[in-house]
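Below, chain A is the first sequence line, B the second, and so on; all start at residue 1. Bear in mind the structure is a predicted one, so any value in this text is a computation, not a measurement.
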Protein chains: 4
Amino acid sequence: MARVIDETKLVRVHEAAMELIVEKGYAGASIFLIAKKADVSEGYLYRFYKGKEQLVNSLLDNTLKEVSEILDTYFDKHESAITIMEGLLSAICKIAEKKPVQIKFIFVMLSSYNFTASEDIKNNMIETLNKLLIIGQKQNVIDENVSVDHFFTMLIIYPIQFINFRLKQFLRKGTFSRKDKKSLIEFVTETLKK
Amino acid sequence: MARVIDETKLVRVHEAAMELIVEKGYAGASIFLIAKKADVSEGYLYRFYKGKEQLVNSLLDNTLKEVSEILDTYFDKHESAITIMEGLLSAICKIAEKKPVQIKFIFVMLSSYNFTASEDIKNNMIETLNKLLIIGQKQNVIDENVSVDHFFTMLIIYPIQFINFRLKQFLRKGTFSRKDKKSLIEFVTETLKK
Amino acid sequence: MARVIDETKLVRVHEAAMELIVEKGYAGASIFLIAKKADVSEGYLYRFYKGKEQLVNSLLDNTLKEVSEILDTYFDKHESAITIMEGLLSAICKIAEKKPVQIKFIFVMLSSYNFTASEDIKNNMIETLNKLLIIGQKQNVIDENVSVDHFFTMLIIYPIQFINFRLKQFLRKGTFSRKDKKSLIEFVTETLKK
Amino acid sequence: MARVIDETKLVRVHEAAMELIVEKGYAGASIFLIAKKADVSEGYLYRFYKGKEQLVNSLLDNTLKEVSEILDTYFDKHESAITIMEGLLSAICKIAEKKPVQIKFIFVMLSSYNFTASEDIKNNMIETLNKLLIIGQKQNVIDENVSVDHFFTMLIIYPIQFINFRLKQFLRKGTFSRKDKKSLIEFVTETLKK
DNA sequence: TATGAATGAGCCTTCATTCAT
DNA sequence: GATGAATGAAGGCTCATTCAT
């Protein structure tokens with residue numbers, strides 16, 4: 001039998017790729033650098049992906065899918081819109097604490113005109129958010145005048161941006177604390193309420 | 001007379017660079033493409049910039065400076081915090097209508113860990129925003145609990161993101177209408193108010 | 001028993017290699033493709049050959065040896081030069097019908113400055129052709145003025161080229177029929193006669 | 001004004017490419033090696049060709065066109081089929097003496113299943129050869145039984161093969177002398193006559 | 001023995017940058 | 001001053017080869 005596939009390796013490639021893309025941008029994250037950081041040969045990733053672009057697209061999809069699934073899970077488990085929203089925000093913050101690269105990666109990729117989330121993930125997310133908005137408005141925790149666009153931007157984009165400008169040290173030292181988390185959740189839910 | 005011609009050329013280079021970076025990303029916007037689009041030779045820009053990176057950094061600074069100056073202008077001319085904020089938001093929207101490339105460019109560049117606004121511009125903006133926040137809270141048009149971070153994210157980042165996800169057609173067809181403008185200004189000011 | 005299985009495998013590798021080299025050239029015939037076509041692992045052939053180049057050299061030698069041995073066989077069995085030549089030409093045509101890959105392979109490899117027949121095979125062939133030429137001239141079936149060079153080119157190279165330009169569809173649809181065979185044998189023998 | 005194009009450079013690239021392809025095959029002739037041999041930068045040829053394949057295709061076309069044009073010239077200038085054929089053969093031999101690389105290059109490329117002459121050149125050549133065959137048969141210098149296929153193979157392919165097996169030193173030391181030229185022309189014309 | 005996961009040298013190609021004109 | 005021909009470093013990718021299993 002031939003050597004067995006080392007699953008750790010692929011994970012290392014994923015992490016190295018995300019970190020380098022965040023740090024140096026898509027073009028700056030060369031295959032050489034990614035492979036070196038992941039302690040893997042340059043040819044390795046071509047066993048799993050057709051090329052660099054496919055790797056990055058797959059990474060973006062998986063990362064967004066994670067957020068999308070968190071939303072779905074909360075949506076399925078709970079009835080209260082406020083609980084769902086707080087759960088989602090809390091989950092996003094937890095990712096920011098535990099795996100800040102992921103949030104940075106989403107941040108970087110979402111703001112590119114070259115990469116977009118796959119239609120499936122986008123549609124699924126929009127659908128759930130639509131339902132959540134209606135429920136929230138029925139339950140009087142979201143203002144009647146809030147449109148889907150603002151709901152989406154406020155609930156998903158705003159937190160990601162807020163967290164990242166922290167991590168990017170745009171305004172102050174780059175950490176995202178428990179206090180920030182509380183403040184963020186409150187700000188978003190209050191804003192949507194009215 | 002000769003000077004005038006030069007100025008036009010450089011402006012053409014700037015516009016071409018921004019358009020191409022927005023469309024194809026930093027790496028996709030090659031010097032060849034930029035020069036071609038600007039109807040200028042490839043070597044031309046090296047008389048003014050040390051290289052591509054310096055050009056782009058300069059572009060980002062100038063674009064942000066424009067926004068910063070709009071803020072300063074409104075801040076100097078008006079006493080009412082709400083008027084200043086509405087003026088700023090309105091100005092951002094006007095840029096989005098008149099020169100959408102600029103807003104797209106800021107959007108793309110801000111969400112990159114490679115490029116950052118120069119310290120000067122950043123500091124000046126933060127200073128003014130700080131003052132505005134305090135005035136706004138005194139005038140009871142900004143909630144007491146709004147921190148500088150949220151104020152900045154909501155007043156500057158949120159509009160840019162909102163506009164761009166429109167233009168990027170993330171949620172729906174990519175236009176930014178007068179109605180959107182009104183809705184955006186209302187949403188932001190209402191949010192900050194309480 | 002185990003040996004037999006091995007032999008089949010190696011034969012499959014040989015055939016796959018020749019087919020792919022003919023179809024895609026030396027560089028296009030990758031080890032991966034050869035192994036896949038032969039239903040063998042990529043590492044397999046390295047048990048028998050030092051590398052790709054050795055494999056191909058060996059293949060060329062074996063294929064040419066086959067032709068050389070046909071010539072020797074006819075030469076040993078028959079006295080009439082015309083019978084020997086016709087036998088050889090007929091045998092070459094038969095290969096072209098039964099195993100066209102072999103003829104294509106010789107065609108492709110002979111016209112390369114990278115690969116040459118091994119000295120042994122070359123020398124043996126030249127020796128026999130020399131004898132045959134002398135006999136043929138004694139028997140008045142080969143013109144006195146025909147040199148070894150022309151004899152070799154006409155008897156061996158010309159048929160291979162003629163067949164291949166047929167198969168390559170250079171002039172017309174790519175088949176090599178019985179009529180072509182007759183025409184080829186006649187043309188070559190007539191040419192050498194006078 | 002910018003630097004002026006150095007025509008010599010491109011010629012050097014062409015020669016280097018042909019020489020290396022002859023010596024090491026298409027795959028062995030790397031861009032690095034070609035550029036080095038031509039004393040040109042690696043990126044140079046991409047100003048004129050889209051890639052390696054286009055360069056080689058263009059080279060093949062130009063080389064074949066040269067032969068094709070020689071044929072046309074003789075065909076237009078002379079009435080006698082034997083003069084035309086002798087002229088063509090003589091011209092091919094002259095190329096072999098003056099620019100042996102060209103003949104070697106045609107030899108190598110024609111026997112590849114990956115590269116073919118462009119349809120235009122092929123068709124033009126076949127057309128002229130067809131006319132020449134008919135004229136030759138009318139003038140009793142080409143046997144009635146010679147088919148187009150044999151005519152083509154004998155008049156074009158045979159000489160190229162003969163010359164190359166000389167140059168390849170398959171049978172003897174690799175030169176192609178005046179005596180060889182005479183012998184070749186005689187052999188081909190005699191063969192076709194009867 | 002045979003496999004095929006993993007490697008990394010080397011390929012083709014792009015493109016920021018230089019500099020002769 | 002302005003051009004654009006030329007460069008060559010660096011990029012993405014392929015594939016012959018190795019070797020743990």
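A:Tyr26 places its OH atom 11 Å from the C1' atom of F:dG11, with the value rounded to the nearest Å. Atom C1' of nucleotide F:dT17 and atom CZ of C:Arg47 are separated by 15 Å, given to the nearest angstrom. At whole-Å resolution of the value, CG in C:Leu45 and P in E:dT3 are 11 Å apart. Rounding to whole angstrom units, CG of residue A:Asp39 and P of E:dG8 are separated by 10 Å. Between the P atom of F:dA16 and the CD atom of C:Gln54 lies a distance of 15 Å, rounded to the nearest Å. Atom NZ in C:Lys24 sits roughly 13 Å away from atom P in F:dT14 (whole-Å rounding). Distance, D:Phe48 CZ to F:dG4 P: 14 Å, rounded to whole Å. Regarding B:Ile31, its CD1 atom lies at a distance of 11 Å from the P atom of E:dC15, rounded to whole Å.
Counting all heavy atoms, side chain and backbone alike, A:Leu33 lies closest to A:Gly28 at CD2-O, 3.8 Å. Among all heavy-atom pairs drawn from C:Gln54 and C:Tyr49, the shortest one is OE1-CA, 3.3 Å.
Both D:Leu33 and B:Lys52 lie near DNA chain E, and the one whose nearest nucleotide falls closer to the 5' end is D:Leu33. Positionally, the nearest nucleotide of DNA chain E for D:Gly28 lies more toward the 5' end than for the other of B:Gly28 and D:Gly28. Mapping C:Lys50 and A:Ala29 onto DNA chain F by nearest heavy atom places A:Ala29 at the nucleotide closer to the 5' end.
Surrounding CD of A:Glu53 are at most 12 heavy atoms belonging to other residues, nucleotides or ligands under 6.0 Å away. Heavy-atom neighbours of A:Phe32 CZ from other residues, nucleotides or ligands within 6.0 Å: at or below the threshold of 12. Atom NZ of B:Lys37 has more than 12 heavy atoms from other residues, nucleotides or ligands within 6.0 Å.
Proximity note for B:Tyr46 (side chain, C-beta onward) versus F:dA16, E:dT18, E:dA6: the nearest is E:dT18. Distances were taken from every side-chain heavy atom of C:Lys9 (C-beta onward) to each of E:dA2, E:dT18, F:dA16; the shortest belongs to E:dA2. Nearest to the side chain of A:Val40, among E:dT7, F:dT7, E:dA6, sits E:dT7. Each of F:dT7, F:dC15, F:dG12 was ranked by its minimum atom distance to the side chain of A:Ser30; first place goes to F:dG12.
A cation-pi arrangement is absent between C:Lys99 and C:Phe105 under the rule of less than 6.0 angstrom and at most 45 degrees off the ring axis.
A donor-acceptor contact under 3.5 Å is formed by the side chain of A:Glu42 with the base of F:dC13.
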Task: Dot-bracket line, read 5' to 3' along DNA chain F, where crossing pairs take [ ] and | marks a partner on another strand, Watson-Crick or G-U under 3.5 Å - done: .||||||||||||||||||||

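Residues A:Glu119 and A:Lys122 are paired through a salt bridge, judged by an N-O separation under 4.0 Å between the basic side chain and the carboxylate.
Nucleic acid contact for D:Gly51: sugar-phosphate only, since backbone atoms but no base atoms lie under 4.0 Å from a heavy atom of the residue.
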